[in-house]
Amino acid sequence: MSLIPMEVGNLDGLFVLILLIMFGPAALLGIIGVVLMGKNKKKGGKVFLILAGVYMLISLGVCGSMIIGL
């Protein structure tokens with residue numbers, strides 16, 4: 001059994017996947033919120049914008065800690 005760590009190749013795809021998980025749903029929720037605000041459904045738009053903000057805050061905490069290695 002070898003204790004030498006294996007070399008890892010190119011991890012650009014993994015980094016892009018983490019960024020998509022971090023920003024993708026929050027951007028989608030934000031766009032839905034703005035569209036609903038434009039269609040005079042203020043209450044629904046506010047809910048989606050708040051959900052986008054909460055998702056962004058949590059994802060920056062979780063995924064951000066994975067990126068910097070904590």
Side-chain angles (χ1 to χ4, degrees):
M1 187 154 100
S2 176
L3 295 177
I4 300 172
M6 298 176 65
E7 288 188 29
V8 179
N10 188 1
L11 295 177
D12 288 342
L14 181 63
F15 186 71
V16 169
L17 181 65
I18 290 173
L19 287 178
L20 282 175
I21 291 172
M22 192 186 312
F23 296 116
L28 183 65
L29 288 171
I31 291 170
I32 292 172
V34 169
V35 168
L36 286 177
M37 292 284 271
K39 292 187 176 188
N40 291 329
K41 296 184 179 180
K42 303 280 185 202
K43 190 172 184 179
K46 285 181 187 178
V47 169
F48 274 100
L49 288 175
I50 290 171
L51 283 173
V54 169
Y55 189 91
M56 182 66 72
L57 182 68
I58 292 172
S59 69
L60 285 175
V62 173
C63 293
S65 68
M66 285 193 313
I67 288 176
I68 62 171
L70 289 178

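- Only one option out of Ile58, Val54, Leu60 pairs with Met56 in a side-chain contact (heavy atoms from CB on, under 4.5 Å); it is Leu60.
- Both Met37 and Val34 are assigned to one and the same hydrophobic cluster, defined by single-linkage of ILVMFWY side chains at heavy-atom distances under 4.5 Å.
- The shortest heavy-atom contact between Ala26 and Ala52 is O-CB, 3.5 Å.
- Connection of Ile21 to Leu57 is not established within any shared hydrophobic cluster, with ILVMFWY side chains joined at heavy-atom distances below 4.5 Å, either directly or through further cluster members.
- Applying the under-4.5 Å side-chain rule to Ile, Leu, Val, Met, Phe, Trp and Tyr, the cluster around Leu51 extends to Leu28, Leu29, Ile32, Leu36, Val47, Phe48.
- In the hydrophobic clustering of ILVMFWY residues, with side-chain heavy atoms under 4.5 Å counting as a link, Val16 and Phe23 come out apart.
- Note that CG of Asp12 and CG of Leu17 are 12.5 Å apart. Values are rounded to the nearest 0.5 Å.
- Between Tyr55 and Pro25, the closest heavy-atom pair is OH-CG, 3.5 Å.
- Between the CD1 atom in Ile18 and the OG atom in Ser59 there is a gap of 12.0 Å [rounded to 0.5 Å].
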